[in-house]
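Here's the structure, in structure tokens; my notes come after.
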Amino acid sequence: MPHLEGQRVEYRDDQNKKCQGEIKQVSGNGPAATYVIKNEQTQRDDRVREMQIEQDL
């Protein structure tokens, strides 16, 4: 499912922890898409793949 800039999502970071954040940038499309998501807890940008996004919030 494609996600858009500005959407809030729940995702798993590189340590497989559940996180929430807002999509700041989208690169590519489909299963190969990557996203830069601003983590709401740490305020850091995480780079994640499509398969790491669990759900829209």
Side-chain angles (χ1 to χ4, degrees):
M1 177 175 146
H3 301 282
L4 305 172
E5 289 180 19
Q7 276 186 305
R8 287 186 65 238
V9 293
E10 183 176 88
Y11 65 98
R12 291 197 177 266
D13 66 10
D14 291 335
Q15 286 78 41
N16 207 32
K17 290 183 183 174
K18 278 192 179 181
C19 302
Q20 294 180 359
E22 181 180 337
I23 297 174
K24 295 294 183 184
Q25 182 181 352
V26 180
S27 300
N29 56 31
T34 59
Y35 302 88
V36 175
I37 301 176
K38 183 167 188 158
N39 185 310
E40 291 177 356
Q41 187 173 13
T42 66
Q43 298 302 306
R44 291 187 171 180
D45 289 344
D46 290 328
R47 186 172 300 275
V48 301
R49 295 184 309 267
E50 174 71 34
M51 64 185 215
Q52 291 173 270
I53 296 178
E54 303 265 314
Q55 65 180 350
D56 294 336
L57 298 175

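Keep in mind that this is a model prediction, so the values were computed, not measured. The residues of the chain are indexed from 1 along the displayed sequence.
- Tyr35 and Glu5 share no side-chain donor-acceptor pair at under 3.5 Å.
- From Asn29, atom CG reaches atom CD of Glu50 across 10.0 Å, with rounding to the nearest 0.5 Å.
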Report all side-chain donor-acceptor pairs from residues 36-48 shorter than 3.5 Å, counting only partners two or more places apart or in another chain.
unit_1, atom_1, unit_2, atom_2, d
Asn39, OD1, Gln41, N, 2.7
Asn39, OD1, Thr42, N, 3.1
Asn39, ND2, Tyr11, OH, 3.4
Glu40, OE1, Arg8, NH2, 3.2
Glu40, OE2, Arg8, NE, 2.6
Glu40, OE2, Arg8, NH2, 3.0
Thr42, OG1, Arg44, N, 3.2
Gln43, NE2, Glu40, O, 2.8
Asp46, OD2, Tyr11, OH, 2.7

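- Proximity of His3 to Asp56: side-chain heavy atoms (C-beta onward) are separated by under 4.5 Å at one or more points.
- With sequence neighbours left out, Lys17 forms a salt bridge (Lys or Arg N to Asp or Glu O under 4.0 Å) with no residue at all.
- Rounding to the nearest 0.5 angstrom, the gap separating the CD atom in Glu54 from the SG atom in Cys19 is 10.0 Å.
- The backbone N or O of Arg12 lies less than 3.5 Å from a partner atom in the side chain of Gln52, making a donor-acceptor pair.
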